[in-house]
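The block underneath contains the structure these notes are about, expressed in structure tokens.
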Amino acid sequence: MRELADEGPQATRATGVVDVRVGTEAISAAALAQQVGSRSAGAIATFEGVVRDHHEGKAVSFLEYEAYVPMSEAVLLSIAERACRRWEIEAVAVHHRLGRLEIGEVSVAIAVSAAHRAAAFEASRYVIDTLKKEAPIWKRETGPDGAFWVEGPDLIEASD
Amino acid sequence: MRELADEGPQATRATGVVDVRVGTEAISAAALAQQVGSRSAGAIATFEGVVRDHHEGKAVSFLEYEAYVPMSEAVLLSIAERACRRWEIEAVAVHHRLGRLEIGEVSVAIAVSAAHRAAAFEASRYVIDTLKKEAPIWKRETGPDGAFWVEGPDLIEASD
Amino acid sequence: MRVEVLLFARAREICGGDCVQLQLSDGATVGDCFAELVAGAPALESMHERLLVAVNECYAGWDTRLSDGDVVAMIPPVSGG
Amino acid sequence: MRVEVLLFARAREICGGDCVQLQLSDGATVGDCFAELVAGAPALESMHERLLVAVNECYAGWDTRLSDGDVVAMIPPVSGG
């Protein structure tokens, strides 16, 4: 867990990467939105990735996430720092959950605050898009047809 | 208040425009995110507009929002319905708050759920961008320099 | 015919109230309605260029013809969000 | 020299464990390390094309030279989010 600051919603200024975490605890964008708020932030954009009941036309019963934890936290921190350099944002926070997740549970949560909304939207989109490409995190999905590793666009039957 | 459905986060399917409201009660994207969730939604994007302590280089102490309430609810409903037609989204909800708002308080909240994240991001951006152009809602800002009506890009001194 | 005119934000401030009942001739347009308002609140004329109008909660043009019982709204540049 | 190899997701499943200690010759590369792994788990060869590798928590290439005590990770196509 990297908690790089600890400022509440009414703090004078929460800036930069305020929280990056990859772990098994439940997560929510609402909690992160509180962390990125500040007196000078006029816009807060959030994103939640949620376990859904289908993928590539197959029914899904639940997902299991695993990660190379320290590297995935370092990669998320790097992505969040890049977002801070590319856009005029105030603060960014990102959490990814691991372990077995049921339908409707949140697997990834992102919040970005900025003076203006365009930067908040673009940076939060950047963080999730880049996380999906770079973070060493994997999902295994289980449904009526069995268990599958999700490897990028491919589903590969799991044998254990 | 237009509540067009009343399905919780674990409901089988919350679809279309689930809630549009313009009023004085406190609002949050977190509450709307709960409303738009469903078993088939893999992505929830939210946006909050927050009262910030500056605008166009001027310090701001507080804002007062007023609206043509029934028309603004009709306009928001129309915008939300257009978003449903333009993107493959599952559900959308939008609230706008009225009255005096202090720094850090949420003036507008939007949540959009979709199977895939691109649609959720684009539709929520569309809703806030279009709301700002079309909804008959006005803000008056008060700061150390006095009170000003915000008319599009212009600040015009208030006389009352 | 009789119409109700709703005034918002700075237009409300200039007119000193949020609602006016006006008596207009048959066939009057939104523009005629505005002229009648300006007769009672001359300072409103300066907002003409910036105002949009709605009739019965829908955006309308200055040449829209009004009917008895219509609700006309004067809409200054919006600033919600 | 001795390196620690971390295995994730399907690579872990194929190798039957999440961590292997390997003894490599001085000057060995990540590719040599992979060949040594395949010697113990031949089915892993089929993943070669798909795998990325990290050395000490940073993405690296197959020709990266290893040092004693390095931690090498085999990274199947990622699917976080």
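Below, read A as the first sequence line, B as the second, and so on, with proteins coming before strands; counting in each chain starts at 1.
By number of non-hydrogen pairs under 4.5 angstrom with chain C, the leading residue of Gly49(B), Pro153(B), Gly152(B) is Gly152(B). Among Leu63(B), Val150(B), Ile110(B), the residue with the largest count of heavy-atom pairs under 4.5 Å with chain C is Val150(B).
At most 12 non-hydrogen atoms from other residues, nucleotides or ligands lie less than 6.0 angstrom from CD of Glu88(B). Other residues, nucleotides and ligands contribute at most 12 non-hydrogen atoms within 6.0 Å of the CZ atom of Arg65(C).
Here the shortest heavy-atom pairing between Glu57(C) and Met71(B) reads O-CG, 3.3 Å. Scanning both residues, Arg50(C) and Ile156(B), for their nearest heavy atoms gives NH1-CD1, 3.6 Å.
A donor-acceptor contact shorter than 3.5 Å links the side chain of Lys139(B) to the backbone of Ser79(C). Looking only at distances, a side-chain donor or acceptor of Tyr59(C) sits under 3.5 Å from a matching main-chain atom of Glu134(B). In terms of modelled atom types and a separation under 3.5 Å, the side chain of Glu151(B) and the main chain of Pro76(C) share no donor-acceptor contact. Distance alone, capped at 3.5 Å, is enough to place a donor-acceptor pair between the His96(B) side chain and the Gly81(C) backbone.
Separating the OH atom in Tyr68(B) from the CG atom in Leu6(C) is a distance of 5.0 Å, to the nearest 0.5 Å.
Side chains of Ile137(B) and Phe8(C) form no contact here, defined as non-hydrogen atoms less than 4.5 Å apart. Glu13(C) is listed as a side-chain neighbour of Ser159(B), based on a closest heavy-atom distance under 4.5 Å.
Screening Trp138(B), Trp149(B), Phe148(B) for a side-chain contact (heavy atoms from CB on, under 4.5 Å) with Arg10(C), the sole residue that qualifies is Trp149(B).
There is no contact between Ala109(B) and chain C, counting heavy-atom distances below 4.5 Å.
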